[in-house]
2 protein chains.
Amino acid sequence: MKLDILTKNDNRVVQNSIISQIRDLINFKNLEPGDKLPSERMLSEKFEVSRNNIREAIQKLEFYGLLKSIPQSGTFIANIGGVALNGMVDDILRLEDPDFKSLVETRILLELKTARLAALRRSEDDLIQLEEALNAYKEKVLNSEDAVEEDLLFHLAIAKAAGNSTLNTLMLMITPEIITNFEAYHVCDKSQARAGIIEHENIFEAIKEQDPKKAKEMMKVHFSVLYQYCYSKK
Amino acid sequence: MKLDILTKNDNRVVQNSIISQIRDLINFKNLEPGDKLPSERMLSEKFEVSRNNIREAIQKLEFYGLLKSIPQSGTFIANIGGVALNGMVDDILRLEDPDFKSLVETRILLELKTARLAALRRSEDDLIQLEEALNAYKEKVLNSEDAVEEDLLFHLAIAKAAGNSTLNTLMLMITPEIITNFEAYHVCDKSQARAGIIEHENIFEAIKEQDPKKAKEMMKVHFSVLYQYCYSKK
DNA sequence: CCAATTAAACTGGTTTACCAATATTATAAA
DNA sequence: TTTATAATATTGGTAAACCAGTTTAATTGG
């Protein structure tokens, strides 16, 4: 039997199973915020999985702020009540691989915001870095070379100039997935690369002029192709 | 000497150091996309750190799409050129703990979007779950009980109804950090809890009526206090 | 009977040893 | 010389052993 396909998602399946079991345990034992979870060893024995699996599941719940591990002491339930905890665990379990449309839609949202904020907040140093990124992009395109990277770096430079560390992080998180999917879906159109130069220049000028409205609008134009793709196709 | 404060960030410091060393290695050896990185054992010896540290650093770079580990084979550089790789590594290294202002600003952005999308896309089932969350919130507030969790769950229900898995994930990621910071900063005002009911109801009605503009507007009103805090204070 | 002290057990974190799959080299047959 | 095969070395992943604190239980002195 060809079960190879399944093995790839095995880890996730196991982890989700453990997370839901931990949730059930908290509910069944009526554990409250601040209470201590059974030790990793006990859990691994109880759930019949490796301690590594338990640790990974706990780390994931810790990432979302539901648990807190303290060395040589134990793992504790964060200061969050049962209702919210159950709701968030359900959400975490329901997290699936993002579809391309979601990714694009979210990226456009983030980029419009970063463009606006960059126009409002960019420092002189930001401007220099933006111009460098822009020139690197232009040079590649004019030489008819592949400029995907330079394009990406320009957008990340905008995110940096926006002066919002959270937005910057989120951009960084979804960008690689965008790229891989982008190539897979063949949405990118090389013939539009030269049009891309003008669009990039317009965005840069708007940020330079500190015109947030124009920056957002120019970014919108830049994403119009993707935008249509995102909202037309089903 | 009191170095206790440092030990907390030791891991991150070590990891960032390893990441930058990997970057330098790739640059120095002129490694290209698809090339194989030295084995984890060699790297741990070369950088004089544990193999665990190396693995964590690699996993982080893998998360951002820069590397790809293949079991029993090796770790390979993703299909991304040197320029972009260096730029993204710099960004990753520069990632700091998000400040509260960034968090709030980003949350507002995401919530305005999810409210709009929820109004456009909510299913009948979404509506039921939204109403349940709303009622749970109202009940708590009318009993003068703490309703932070129910508030949170209502907002997460909106995110779910927005039908965008990426947005949903991002919301889930920043929410816990918001909560902890929220309590720490004492921004929340209990006296406004009853006003919150009306605001929540308005948002719900807008989503029910499938009025995206109103939904966004009502959400904006709901965040007005936070909004002012975010944009007034420095 | 109680408080203080000590010893044992237990904790999350870390290092080490091991595994199965892969990649490389050595060998041999043609 | 070339190709097919077998033996060896190397790989990322994983399970087990170990560690330094912490927590609990036992012991002891009053």
Side-chain angles (χ1 to χ4, degrees), chain A residues 1-19 21-22 25-26 29 31 34-78, chain B residues 2-19 21-22 25-26 29 31-32 34-78:
Chain A
M1 284 185 48
K2 284 178 69 177
L3 289 176
D4 318 37
I5 309 143
L6 291 179
T7 55
K8 195 175 66 175
N9 292 330
D10 248 18
N11 277 339
R12 166 121 91 198
V13 172
V14 170
Q15 202 182 77
N16 278 352
S17 164
I18 295 173
I19 288 176
Q21 286 186 82
I22 291 178
L25 187 96
I26 292 174
K29 289 205 171 184
L31 297 180
D35 285 355
K36 188 159 75 173
L37 231 57
S39 73
E40 296 176 351
R41 289 171 179 81
M42 285 186 62
L43 290 176
S44 74
E45 197 175 342
K46 188 178 180 68
F47 300 160
E48 292 180 336
V49 293
S50 75
R51 189 153 86 100
N52 263 359
N53 291 138
I54 298 285
R55 281 179 62 78
E56 283 170 19
I58 287 178
Q59 277 169 21
K60 185 163 185 178
L61 292 177
E62 201 174 355
F63 174 78
Y64 285 107
L66 302 183
L67 297 178
K68 175 70 184 170
S69 278
I70 297 177
Q72 285 83 40
S73 179
T75 300
F76 300 84
I77 300 175
Chain B
K2 284 179 69 178
L3 290 175
D4 318 33
I5 309 144
L6 292 180
T7 57
K8 195 176 66 177
N9 293 329
D10 249 18
N11 276 338
R12 165 121 93 199
V13 172
V14 170
Q15 201 182 76
N16 278 353
S17 163
I18 294 172
I19 288 176
Q21 284 185 83
I22 290 178
L25 188 97
I26 291 174
K29 290 205 171 186
L31 298 181
E32 294 176 6
D35 285 355
K36 187 159 77 172
L37 230 59
S39 73
E40 295 176 352
R41 288 170 180 81
M42 286 185 62
L43 289 176
S44 74
E45 196 176 342
K46 188 179 179 68
F47 299 160
E48 293 181 335
V49 292
S50 75
R51 210 183 125 201
N52 260 2
N53 291 138
I54 298 287
R55 282 178 62 78
E56 283 170 20
I58 287 177
Q59 278 168 21
K60 185 162 186 178
L61 291 176
E62 201 173 356
F63 174 78
Y64 286 106
L66 303 183
L67 298 178
K68 175 70 184 169
S69 277
I70 297 177
Q72 284 79 42
S73 179
T75 300
F76 300 85
I77 300 175

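Here is how names work: the chains are called A, B, and so on, in the same order as the sequence lines, proteins then strands, and each is numbered from 1.
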Strand contacts (DNA chain C) in residues 52-67 of chain A, 4.0 angstrom heavy-atom criterion | A/Arg55
Overall bend - the helix from C/dC1-D/dG30 to C/dA30-D/dT1, comparing terminal axes fitted on five pairs, nearest 10 degrees = 30°
CD1/A/Ile54 to CD/A/Gln15 distance, rounded to the nearest 0.5 angstrom?
-> 10.5 Å
Determine whether B/Lys46 and B/Pro38 make a side-chain contact, defined as any pair of heavy atoms from C-beta on separated by less than 4.5 Å.
-> no
Taken to the nearest 0.5 Å, the spacing of A/Glu40 CD from A/Asn52 CG works out to 9.5 Å
Verdict with supporting geometry, A/Phe63 and A/Gln59, side chain to side chain contact (heavy atoms under 4.5 Å, CB included) | CA-CA 6 Å; A/Phe63 174 78; A/Gln59 277 169 21; over 6 Å; no
Heavy-atom closest pair, residues A/Ser73 and A/Lys36 = O-NZ, 3.5 Å
Measure the NZ-CG distance between A/Lys60 and A/Leu66 for me, rounded to the nearest 0.5 Å.
-> 11.5 Å
Taking heavy atoms of chain A and a 4.0 Å limit, find me the 5'-most and 3'-most nucleotide of DNA chain C within that range.
-> C/dT11 to C/dT14
Specify the residues of residues 39-50 of chain B, ordered by number, for which at least one heavy atom lies under 4.0 angstrom from an atom of DNA chain D.
-> B/Ser39, B/Glu40, B/Arg41
Will you find, in the side chains of B/Ser17 and B/Gln21, an N or O donor that is under 3.5 Å from an N or O acceptor?
-> yes
Report the C-alpha distance between B/Asp35 and B/Lys29 in whole Å, list the side-chain angles of each, state the deciding distance to 0.1 Å, and finish with yes or no for side chain to side chain contact (heavy atoms under 4.5 Å, CB included).
-> CA-CA 11 Å; B/Asp35 285 355; B/Lys29 290 205 171 186; over 6 Å; no
Would you please test B/Ile26 and B/Leu37 for side chain to side chain contact (heavy atoms under 4.5 Å, CB included) and show each step?
-> CA-CA 8 Å; B/Ile26 291 174; B/Leu37 230 59; 4.0 Å; yes
Atom pair CG (A/Leu25) and CZ (A/Phe47), whose distance is rounded to the nearest 0.5 Å | 5.5 Å
Partners passing side chain to side chain contact (heavy atoms under 4.5 Å, CB included) against B/Ser39 (at least two apart in sequence or in another chain) = B/Arg41, B/Met42
Could you walk me through whether B/Leu43 and B/Thr75 pass the side chain to side chain contact (heavy atoms under 4.5 Å, CB included) test, one step at a time?
-> CA-CA 11 Å; B/Leu43 289 176; B/Thr75 300; over 6 Å; no
Which nucleotide span of DNA chain D, 5' end to 3' end, has atoms closer than 4.0 Å to non-hydrogen atoms of chain B?
-> D/dT11 to D/dT14
Looking only at heavy atoms, which two atoms of A/Leu67 and A/Ile77 are closest? And how far apart?
-> CD2-CA, 4.0 Å
What's the spacing between B/Glu48 CD and B/Ile18 CD1 if we round to 0.5 Å?
-> 11.5 Å
5′-ward residue of the pair A/Arg51/A/Ser73 relative to DNA chain D = A/Arg51
Pairwise distance CZ(B/Arg55) to OG(B/Ser50) - rounded to 0.5 angstrom = 10.5 Å
